[in-house]
Amino acid sequence: MSKAKKQEKLGSQPKKSVEKILISIVLIGGVVTIILYATVYDRMMSHFFPKKEIYGVWVEQNVASYAVQKIILSSEGVSVDGNLVATDFDYDGWYFSYMAGGVEYRYKMRNESNTEMMLESDEHYNPTFKLLENHKIGVR
């Protein structure tokens with residue numbers, strides 16, 4: 001190898017390490033930006049669509065009285081038939097969802113006043129729930 005090629009090869013080593021450092025900084029900056037954006041988005045959604053709008057007792061419709069399922073949404077979380085199944089839930093103005101037992105339950109609001117919702121699932125039966133009592137459980 002000629003002397004010029006050896007010097008050129010030696011000179012490119014620091015440039016490559018600087019490039020790697022700059023690429024790493026850009027990637028880390030991108031990840032931080034995405035995390036901050038997600039946080040701001042969550043705060044905006046909770047401001048425009050507060051969870052307390054849907055607090056209350058939701059009762060399943062069009063089923064026999066002995067099979068009616070009741071969902072209570074409050075600041076404590078989600079209770080189904082008297083059992084607390086989730087301590088947190090998401091609400092974006094159109095959908096209400098929570099995780100229980102590794103399964104996500106997602107309900108779509110069916111009207112603008114948010115007094116009726118329907119479970120979205122792959123199952124054949126997608127029950128509808130109506131807000132029976134709208135009260136501020138746990139809100140002071």
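We number each residue from 1, following the sequence as shown. Values in this document were obtained by computation on a predicted structure and should not be read as measured data.
Checked by atom type and distance alone, the side chain of Asp92 pairs as donor or acceptor with a backbone atom of Trp94 at under 3.5 Å.
Each of Met118 and Leu131 belongs to its own hydrophobic cluster when Ile, Leu, Val, Met, Phe, Trp and Tyr are linked at side-chain heavy-atom distances under 4.5 angstrom. Leu119 is connected to Tyr95 through a chain of hydrophobic side-chain contacts under 4.5 Å among Ile, Leu, Val, Met, Phe, Trp and Tyr, so both are in one cluster. The hydrophobic clustering, which links ILVMFWY residues whose side-chain heavy atoms are closer than 4.5 Å, places Met99 and Val85 apart. The hydrophobic cluster containing Ile35 does not contain Val26, counting ILVMFWY residues as joined when their side-chain heavy atoms lie under 4.5 angstrom apart, directly or transitively.
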*asked:* Could you go through Met117 and Ile54, starting from their C-alpha distance and side-chain angles, then the distance that decides it, and tell me whether this counts as side-chain contact (heavy atoms from CB on, under 4.5 Å)?
replied: CA-CA 10 Å; Met117 65 182 179; Ile54 60 171; over 6 Å; no
*Hey, mind stepping through Tyr98 and Val80 against side-chain contact (heavy atoms from CB on, under 4.5 Å) and telling me if it holds?*
CA-CA 12 Å; Tyr98 66 93; Val80 177; 3.7 Å; yes
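Side-chain contact between Val78 and Phe96 is present, with at least one heavy-atom pair separated by less than 4.5 Å. Between Tyr91 and Tyr107 there is no side-chain heavy-atom pair separated by less than 4.5 Å. Counting heavy atoms from C-beta outward, Asp88 and Lys51 have side chains that approach closer than 4.5 Å.
Remark: Glu53 CD to Asn114 CG distance equals 6.0 Å, nearest 0.5 Å. From Ile72, atom CD1 reaches atom CG of Asn83 across 10.0 Å, with rounding to the nearest 0.5 Å. Here NZ of Lys70 is found 15.0 Å from CH2 of Trp58. Values are rounded to the nearest 0.5 Å.
The only option from Ile23, Ile25, Val18 that meets the side-chain contact (heavy atoms from CB on, under 4.5 Å) definition with Ile21 turns out to be Ile25.
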Validation: residues 60-69 side-chain donor-acceptor distances under 3.5 Å, sequence neighbours left out:
unit_1: Glu60; atom_1: OE1; unit_2: Gln69; atom_2: N; d: 3.1
unit_1: Glu60; atom_1: OE2; unit_2: Tyr125; atom_2: OH; d: 2.5
unit_1: Gln61; atom_1: NE2; unit_2: Val59; atom_2: O; d: 2.9

